[in-house]
Amino acid sequence: MTAGTRVLVLNAGSSSVKYQLIDMLDGSRAASGLVERIGEEAGRLLHLPLVGEPRETLRRFDGHGEALAAVAEELAKDLMGLDSPELAAIGHRVVHGGLRFTRPTLITDEVLAEIRRLIPVAPLHNPANITGIEVARALRPDLPQVAVFDTAFHATIPEYAARYAIDRRVADEYRVRRYGFHGTSHQYVSRATARLLGRDQAELNVIVLHLGNGASASAVAGGVCVETSMGLTPLEGLVMGTRSGDVDPGLVFHLHRVGGMTVDQIDDLLNRRSGLLGLCGDNDMREVWRRAEEGDEDAALAFDAYVHRIRRYLGGYYAVLGRVDAVAFTAGVGENSAQVRAAVCANLEELGISVDPELNAVRSREARVVSPSYGRVAVAVVPTDEELEIAQQTFALVHEV
């Protein structure tokens with residue numbers, strides 16, 4: 001058990017590191033920042049201290065080790081360096097935990113090796129997460145470090161919902177099943193929704209719509225996830241900024257056989273050149289809506305396809321849950337686009353779902369209800385806080401041991 005009260009949360013991407021230093025006494029941010037374009041000449045570190053002006057460093061960072069060393073230097077300038085006795089632990093976001101890691105886990109050599117074995121099912125994410133862990137452990141080998149997995153919250157999905165209807169031997173050999181992602185966001189938002197409504201989470205059924213450049217939905221019954229839209233990878237499910245979401249699997253064979261495309265080209269198409277970007281050339285919902293309002297047919301089609309897919313999942317999850325007490329919108333689009341929220345909830349009064357136009361139009365960073373007082377289902381806007389969720393889970397674990 002550690003005496004410190006602060007947790008450093010690290011989210012290492014392939015060419016970036018996001019970080020937040022969180023004081024667990026009140027959940028406040030002591031500092032935060034971002035290192036981006038690691039390995040490029042035009043690297044950038046933006047440090048946001050609790051007190052004072054933001055500090056920006058523009059230079060090349062040759063690797064994650066150099067980037068994290070620079071982060072440590074910035075924190076030290078605020079007397080909050082990695083050697084601070086106030087630092088209780090480092091919490092790492094890890095995208096894929098497979099079936100083994102279903103809760104926050106203290107990182108050991110064995111745990112790191114297992115995360116490495118999961119790279120084939122998360123080739124875009126786990127390698128970067130591993131690099132961040134290795135560098136942080138080298139900088140502070142004596143400090144507890146915890147992995148918090150995006151997939152963990154979805155590990156409670158029933159087997160019949162998690163299984164794809166393919167040969168079980170093939171599925172088991174290659175670990176093919178629905179894992180789900182954005183778990184820390186769905187967990188935080190489902191709990192925060194109960195708090196907003198003054199309800200016991202154990203008695204609340206919530207559909208969480210995490211709508212950002214990556215987007216996913218989940219059905220949460222009494223605080224337990226029972227269904228989610230992303231699957232083996234983060235590609236399945238909703239229409240996203242650059243990802244297609246659901247497509248006929250036969251599309252892959254068609255593009256290969258008829259279009260002559262390679263597996264890598266199809267992967268690039270579905271992950272990086274599809275979604276809103278593929279439909280209209282923009283992956284920013286604000287721009288898509290502006291163009292649609294001005295009569296751009298491609299943008300209008302993209303907006304409608306985006307909303308239609310969400311509504312399809314919303315209705316399906318209503319059936320899965322049987323009773324829905326709340327629908328919670330979160331992440332960049334969910335929190336900021338009144339147009340998307342209104343379109344998703346349009347003509348669903350028979351299901352008890354509607355939004356009050358005036359409440360829905362209000363912009364705020366606070367959690368709030370945007371449905372009319374008579375609505376049977378509360379429609380809420382709940383800002384997500386994945387970093388705080390990771391910090392809380394990390395802090396709780398290191399105080400168990």
Legend entry - Close side-chain approach of Val288 to Met285, heavy-atom, < 4.5 Å: yes
Answer yes or no: is there a side-chain heavy-atom contact under 4.5 Å between Glu134 and Ile130? yes
When rounded to the nearest 0.5 Å, the distance separating CD of Glu389 from OH of Tyr188 is 8.5 Å
Determine whether Ile353 and Tyr318 make a side-chain contact, defined as any pair of heavy atoms from C-beta on separated by less than 4.5 Å.
-> yes
Interatomic distance, OH@Tyr19 vs CG@Leu68, rounded to 0.5 Å, equals 10.0 Å
Does the side chain of Thr131 come under 3.5 Å of the side chain of His64 through a donor N or O and an acceptor N or O?
no
Main chain of Ala12, side chain of Asn129: is a donor-acceptor contact present, judged purely on distance under 3.5 Å? yes
Distance col, row Leu209:CG vs Ile207:CD1, nearest 0.5 angstrom, shows 7.0 Å
To the nearest 0.5 Å, atom CG of Leu276 lies from atom CE of Met240 at 10.5 Å
| Between Glu387 and Lys18, is there a salt bridge with N-O shorter than 4.0 Å? | no
dist Leu277:CG -> Arg272:CZ (nearest 0.5 Å) comes out at 12.5 Å
Whether the Asp264 and Thr262 side chains hold a donor-acceptor pair (N or O, under 3.5 Å, no angle test) is what I'd like checked.
no
Where the side chain of Ser218 meets the backbone of Val220, is there a donor-acceptor pair that is under 3.5 Å apart? no
inquiry  = Under the criterion side-chain hydrogen bond (donor to acceptor under 3.5 Å, both in side chains), I'd like the reasoning laid out for Thr228 against His186: C-alpha separation, chi angles, the key distance, then a yes or no.
reply    = CA-CA 10 Å; Thr228 193; His186 286 277; 4.8 Å; no
Backbone N/O of Asn360 and side chain of Arg341: donor-acceptor pair under 3.5 Å
yes
Take the angle between the ring planes of His210 and His182 and call it parallel below 30°, perpendicular above 60°, tilted in between.
parallel
Would Lys77 and Glu74 pass as an ion pair if we require N to O under 4.0 Å? yes
Just by distance, do the side chain of Asp246 and the backbone of Gly237 share a donor-acceptor pair under 3.5 Å? yes
task: Please answer whether the main-chain N or O of Val333 pairs with a side-chain N or O of Ser337 as donor and acceptor at a distance below 3.5 Å.
output: no
Given 3.5 Å as the limit, does a donor-acceptor pair link the side chain of Tyr317 with the main chain of Ser229, or not? yes
Q | Main-chain N/O of Asn271 paired to Thr242 side chain as donor or acceptor, under 3.5 Å | A | yes
Problem set entry | Arg168 atom CZ, over 12 foreign heavy atoms within 6.0 Å | no
Has His96 got a side-chain atom pairing as donor or acceptor with Ile119's backbone, closer than 3.5 angstrom? no
Sequence neighbours excluded, the answer for side chain to side chain contact (heavy atoms under 4.5 Å, CB included) partners of Ala292 is Ala299, Ala300
Side chain to side chain contact (heavy atoms under 4.5 Å, CB included) evaluation trace for Val17 with Phe61: CA-CA 11 Å; Val17 176; Phe61 298 96; over 6 Å; no
**Asked** If only atom types and distance count, is the side chain of Asn205 paired as donor or acceptor with the main-chain N or O of Gly322 below 3.5 Å?
**Response** no
**Asked** Is it the case that more than 12 heavy atoms not belonging to Glu53 sit under 6.0 Å from its CD atom?
**Response** no
Would you call Arg290 and Glu293 a salt bridge, taking side-chain N to carboxylate O under 4.0 Å as the test? no
OG (Ser16) and CZ (Arg44) are apart, to the nearest 0.5 Å, by 12.0 Å
Note to self: For Arg117 and Glu114: C-alpha separation, side-chain torsions, deciding distance, then whether salt bridge (Lys or Arg N to Asp or Glu O under 4.0 Å) applies.
What the structure shows: CA-CA 5 Å; Arg117 280 194 286 271; Glu114 182 61 24; 2.6 Å; yes
Just wondering, do Pro249 and Tyr164 contact through their side chains at under 4.5 Å, heavy atoms? no
Contacts of Glu335 meeting salt bridge (charged side-chain N to carboxylate O under 4.0 Å, His left out) (sequence neighbours excluded), chain-then-number -> none
Checklist entry - Looking at side-chain heavy atoms only, is the closest gap between Phe181 and Thr151 below 4.5 Å? => result yes
Sorted by chain and residue number, the ring-ring contact (aromatic ring centres under 6.0 Å, His included) partners of Tyr306 (sequence neighbours excluded) come out as none
**OP:** Using distance alone, with no hydrogens and no angle criterion, decide if Gln20 and Arg29 have a side-chain donor and acceptor under 3.5 Å apart.
**Re:** yes
Note: Arg177-Glu159 ion pair, threshold 4.0 Å (strictly below):
yes
- request: Identify whether the distance between the nearest side-chain nitrogen and carboxylate oxygen of Asp78 and Arg55 falls below 4.0 Å.
  value: yes
Would you say that more than 12 heavy atoms from the other residues, nucleotides or ligands in this model lie under 6.0 Å from the CD of Glu56, or not? yes
query: Looking only at atom types and distance, does a side-chain atom of Arg37 sit under 3.5 Å from a main-chain N or O of Ser15, one as donor and one as acceptor?
result: no
